[in-house]
Amino acid sequence: MTERTGIRPEQAMKMLRTMRTIRQLSERIIPLYPKDVMETPVHLCIGQEAVSAGLCIHLRDEDLMVLGHRTHGPALAKGLPLKSLVAELYGRTTGCSHARGGSMHVYDGEHGIPGSSAIVGGNIAVSVGLGLGRKLLGSEGIGVAYFGDGATDAGVFWESLNFAALKEVPVLFLCEDNGLSNVMPKSEHMFADPARIAGEFMPVYRADGTDVLSVYEEAGRAVAQVRESRGPAYLHCTTKRWMQHQGVLEDDLPYNPIDPEKDCPIVRFEEFLLRTRLATPGELAAVGEEIERDLDEAFAFAEASPYPDPEAMEV
Ligand SMILES: Cc1ncc(C[n+]2csc(CCOP(=O)(O)OP(=O)(O)O)c2C)c(N)n1
Ligand SMILES: [Mg+2]
């Protein structure tokens, strides 16, 4: 774990809170999901929380981030209210996409989430367009494309790098590389390292995506580069997926071994916070308890919210 960072205690606690919210939401979903109370597939982010938390602490509402199919982590970290996400999972009108989207199609205009795409790579060009729009409109905001290693196989990824570099678009390409595209390991779907090739087009940053301080530092540099140059940058974060691609079962692929201590961004960060006396054991416990209360409220809100009128759902 990177220890040299001059992180402020409130930033550290904010990132911990974000990671724990993503994790504790996933842990609530696991036993409920088989009961069919949620009207959506779910792609959980357990093990990957540090990427969203370490990036989004540097982003503002005016920065427009378009997500892929694994939305819960980045959406919550960017500011989507927990209630709004849980209600969407439950298919209720109070959900962030008014029950029209489910887990893979989230929207929050207020917090700079113009949408997400279940078409792998579909969000990348859109983020470039939004980044260009920010620049043309004179906004200080940037575009952010948040995608997985699987999306770098798509032609649109390469076109987007080229266009963003050529036209100097303020957009950050964030690759959350969990080494898997569904059940396919990276070695079988990726011929060359996309981050190395991205270096031909723009500045490239690399972070250990299981270490929130590493992401925090590198994302800070990458976001500042985009903001100040009004041109693109690429950030590659390696991480690990603990659950199966979709659903609530643990991954059991022999080529994706997980060490629940060493690979856990939350365990690692809590150890750091205690060691450096940025937090006490009591403070850490209080964060978890507060999130449990927020989750109680969010699930009660979702369950009490109405289903949409079928006629209103017609297009
Ligand atoms: C264009 C397209 N091709 C294939 C799929 C099926 N598919 C859904 S998710 C996925 C894997 C994506 O892997 P990655 O981008 O690394 O994201 P991760 O699931 O690892 O977060 C695939 C192939 C799809 N949704 N869209
Ligand atoms: Mg992947």
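Note that ligands are numbered from 1 as they come in the structure, with each ligand's atoms numbered from 1 the same way. The model shown is predicted, which means the values in this text are computed figures rather than measured ones.
The closest side-chain donor-acceptor pair between H245 and R70 falls under 3.5 angstrom.
The ring pair (Phe, Tyr, Trp, His ring centres under 6.0 Å) check on F163 picks up nothing, with sequence neighbours excluded. Taking the ring pair (Phe, Tyr, Trp, His ring centres under 6.0 Å) definition, one finds that F299 meets it with Y90, sequence neighbours left out.
A salt bridge between D263 and K240 is present, with a side-chain N of the basic residue lying under 4.0 Å from a carboxylate O of the acidic one. With respect to the salt-bridge test (charged N to carboxylate O, under 4.0 angstrom), the residues R20 and E270 qualify. Between D296 and R28 a salt bridge is recorded (basic side-chain N to carboxylate O distance below 4.0 Å). Ionic pairing of K78 and D63 is not present here: no N-O contact between side-chain nitrogen and carboxylate oxygen is shorter than 4.0 angstrom. At a threshold of 4.0 Å, the pair E290-R17 counts as salt-bridged, since one of the basic side-chain nitrogens sits closer than that to a carboxylate oxygen.
Ligand 1 lies under 4.0 Å from heavy atoms of H69, R70, A118, I119, V120, G148, D149, G150, A151, N178, L180, S181, N182, H245.
For the Mg ion (ligand 2), the nearby protein N/O/S atoms, meaning those under 2.8 Å, are D149 OD1, N178 OD1, L180 O.
Of the residues Q48, K186, R241, the one that meets the side-chain hydrogen bond (donor to acceptor under 3.5 Å, both in side chains) test with N178 is Q48.
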